[in-house]
Amino acid sequence: MKKTLNAEEMPLHKVFSDEFLFEIPSVQRPYSWTTEEAGELLDDLIDYIEHQSINEGNISKIEEPYFLGSIVLVKKDENNYEVLDGQQRLTTLTILLAVLRDYLGGDYGNSIKGMLARQGNFLLQTKDRYRMELRKRDQSFFQKYIQEDGATSKLKQDTEVRTDSQKLIRDNALFFYDKLNEIDTERVRTLPGLIYGLCYFVIVSTPSFDSAFRIFTVLNDRGLDLMPSDIIKARAIGDVSEDEQGDYTAKWEEAEVALGRDRFNKLFEHIRMIIQKRKGGRNLKDEYNLIFSQLDGKEFIDGFLLPYSEIYLKLVDYQTYFHDNPKMIKMLSLMDKIDNADWLTIAMYYIYHIGDQLDEFLLRLETFAATSMVLRRNFNWRMSKYSQVFKEMEQGIDVFSDKCTLELSKDEKDEVISQLNGDVYINLKDTARRYILLRLDSLLTEGQPYYNHSVITVEHVLPQTPKADSLWLQVFDNPEDYVHKLGNLVLLTRKKNSKAKNFDFNKKKTAYFQASSGVTSFALTSQVVQLNEWTPEIVKNRQRQLIKLLIDTWRLDS
């Protein structure tokens, strides 16, 4: 069996030796350690010196090493490695060593130089090279102010920087200078020897990026977890010419920062569906390998990532982007409560390629998504239908016509009405029945309701289990015919104790359905609070009125 993995414990003088030349690949995020993390590293080293009573004279006799954790590398050739995990620690140690080189000078400085740069060899035809190479956007700054001999002494608080990473590199170097001035001279002189001989890494290397990624996820070290977008980024940026990589990396990262890391990763599921117009496989990375066999990195970033990230941000951060459009906020706050986000992909494609009559289109899309919940349609069914919708839009079929897949069939409309007339509370999933009531509440509210409460519960007016001597049983001869019907349900923004649920109507509506201010959060519930009694006839009338609202809104009788 071919050996593809190597793991070895190494002192730093071997890590920063001719055996390794490190490169930070485009998959990695920029250097991000602040003075807080850099300070913790230096404090740990100083504490270790004090705890072990280490000085320059006894370093070689100390048996217990200082473990810095593991780093995961992808081996490119004989001694060139890409850093998959460990960038922050390797870069910060390089900054600290460079500061010590310039701070101490003399023999200390000369010894440290060898840890920061490989000296070229005329006979072997090798050139001088620094042992760490950051991302292209930051490397020239890193070389000028950190790696070159005497470079850190050039740094000042107002040294010009062009990226956040460069600012952090500058600030951490100046921070180390300030800390060294506070530490007694003997300990400062002990630091290089400690780092050189007593600090250890476990170096895990493999020639395969995929293998290194699996190792990284298992080790789950203190570095930032890689996500699918990181792997896709490596492929996309790798397709871009070197002179444009900096610009395209900046575009990518601006989109990521705007959305936030989690939402940014969800975006790639939507983009994959838009490009392939079919249900995806299990492995997103494999799907994108297929995509990049048809698109290059620039086409993907310019034609898909950037425009769709802007559209996606508007749809998920709707309160900001549609602040002057209450109707849009009302609809998107509702659709946010649908039990899946598949509709977002269709909305994104429509906005990008068509865009007209967005209010009407979202209503049509909401009808399809909401009734799919009522009909208990699964993921595979939805993906099949949405794939058809993509192809229809691409072919120019009118999304508002009855030829569009978004149009419900007569049998589907009849089945939705049947479900709404049935025992909604027990026949539908919790997410579906809650959504139906929220949708009704939005139709009863003229203003702009917000459905962002942390808890929204569906509650019964006529209790599920009234006591034998309860007034409820004097009013309802057959409570089972009414209790789980839509006409008997309301919404609350919190749960209350189970005893209150069985109160008689007048006590229940004041003690259970109203907030402490005397006002309920939902128009649907407010209707009930305003009544003086709760009878079978009232439930029947309310049932008819509510179902008619949904039939008219979702055009179930057309």
Side-chain angles (χ1 to χ4, degrees), residues 370-371 373-375 413-446 449 451 456-515 518-554 556-557:
T371 54
M373 292 171 63
V374 175
L375 297 174
K413 292 177 181 179
D414 289 345
E415 176 60 21
V416 171
I417 294 172
S418 176
Q419 289 285 357
L420 294 175
N421 275 303
D423 287 336
V424 167
Y425 190 85
I426 58 175
N427 291 340
L428 299 185
K429 292 194 302 182
D430 179 61
T431 49
R433 63 179 180 246
R434 186 186 302 114
Y435 184 83
I436 289 170
L437 289 163
L438 286 170
R439 188 65 176 105
L440 286 166
D441 189 80
S442 75
L443 296 172
L444 293 169
T445 306
E446 293 184 2
Y451 300 115
I456 298 177
T457 60
V458 176
E459 302 292 341
H460 298 76
V461 182
L462 166 65
Q464 296 186 69
T465 54
K467 295 179 180 180
D469 59 349
S470 170
L471 290 175
W472 289 113
L473 297 182
Q474 297 177 27
V475 178
F476 288 86
D477 293 332
N478 301 301
E480 65 277 4
D481 293 340
Y482 303 91
V483 65
H484 297 307
K485 292 293 193 293
L486 194 56
N488 189 54
L489 302 177
V490 294
L491 289 168
L492 296 180
T493 58
R494 64 197 184 282
K495 292 194 174 185
K496 294 195 174 183
N497 66 73
S498 57
K499 289 182 180 179
K501 294 182 180 183
N502 291 320
F503 287 160
D504 291 328
F505 179 67
N506 286 321
K507 185 176 181 181
K508 187 173 187 177
K509 71 177 186 178
T510 55
Y512 189 48
F513 291 160
Q514 290 183 192
V519 179
T520 177
S521 302
F522 301 103
L524 193 70
T525 310
S526 180
Q527 280 185 332
V528 175
V529 171
Q530 293 171 19
L531 296 173
N532 295 319
E533 60 180 354
W534 196 250
T535 66
E537 195 58 36
I538 287 175
V539 176
K540 288 177 184 177
N541 286 336
R542 187 170 186 259
Q543 173 91 355
R544 285 192 293 269
Q545 292 168 2
L546 295 180
I547 291 178
K548 187 176 187 306
L549 271 177
L550 291 174
I551 288 174
D552 292 344
T553 302
W554 290 341
L556 299 177
D557 58 349

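The structure displayed is predicted, hence computed values, not measured ones.
Closest approach of Leu473 and Pro466 over heavy atoms only: CD2-CG, 3.7 Å. Between Val424 and Arg433, the shortest heavy-atom contact is CG1-CB, 3.8 Å. The two residues Tyr435 and Ala370 have their closest heavy-atom pair at CE2-CB, 3.5 Å. What you find for Leu462 and Trp472 is that their closest heavy atoms are CD1-CE3, 3.6 Å. Across Val374 and Gln419, no two heavy atoms sit closer than the pair CG1-CB, 3.6 Å. Heavy-atom minimum distance, Met373 versus Ala432: CE-CA, 3.6 Å.
For the side chain to side chain donor-acceptor pair (under 3.5 Å) condition, the pairs that include at least one residue of residues 475-487, sequence neighbours left out, are Asp423-Lys485, His460-His484.
Rounding to the nearest 0.5 Å gives a distance of 11.0 Å between CG of Leu438 and OG1 of Thr431. With rounding to the nearest 0.5 Å, the separation of CD in Gln543 from CG in Asn421 is 5.5 Å. The CG atom of Leu440 sits 8.5 Å away from the CZ atom of Arg542 when rounded to the nearest 0.5 Å. Taking CG of Leu546 as the reference point, atom CG of Leu437 lies at 8.0 Å (rounded to 0.5 Å). Note that OG1 of Thr535 is 9.5 Å distant from NZ of Lys540, once rounded to the nearest 0.5 Å. Interatomic distance, Leu489 CG to Ile436 CD1, rounded to the nearest 0.5 Å: 9.5 Å.
For the pair Val475/Trp534, no side-chain contact is recorded, criterion being any heavy-atom separation below 4.5 Å from C-beta on. Put simply, the side chain of Phe522 reaches to within 4.5 Å of the side chain of Thr493, judged on heavy atoms. A heavy-atom distance below 4.5 Å is not found between the side chains of Thr371 and Lys413. Taking 4.5 Å as the limit, some side-chain heavy atom of Phe505 sits within range of a side-chain heavy atom of Leu531. Taking the side chain as every heavy atom from C-beta outward, Leu549 and Gln545 never approach each other to under 4.5 Å. Contact check for Val529 versus Val490: no side-chain heavy atoms found under the 4.5 Å cut-off.
In this model, a donor atom of one side chain and an acceptor atom of the other lie less than 3.5 Å apart for Ser442 and Arg439. Thr457 and Glu459 share a donor-acceptor pair across their side chains, judged by distance under 3.5 Å alone.
Among Leu486, Val458, Asp430, Asn488, the single residue meeting the side-chain contact (heavy atoms from CB on, under 4.5 Å) criterion with Tyr425 is Val458.
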Practice prompt. Walk me through it: do Thr445 and Leu524 pass the test side-chain contact (heavy atoms from CB on, under 4.5 Å)?
Written response: CA-CA 9 Å; Thr445 306; Leu524 193 70; over 6 Å; no
Practice prompt. Take Gln527 and Asp441 through the side-chain contact (heavy atoms from CB on, under 4.5 Å) test and state the conclusion after the steps.
Written response: CA-CA 10 Å; Gln527 280 185 332; Asp441 189 80; over 6 Å; no
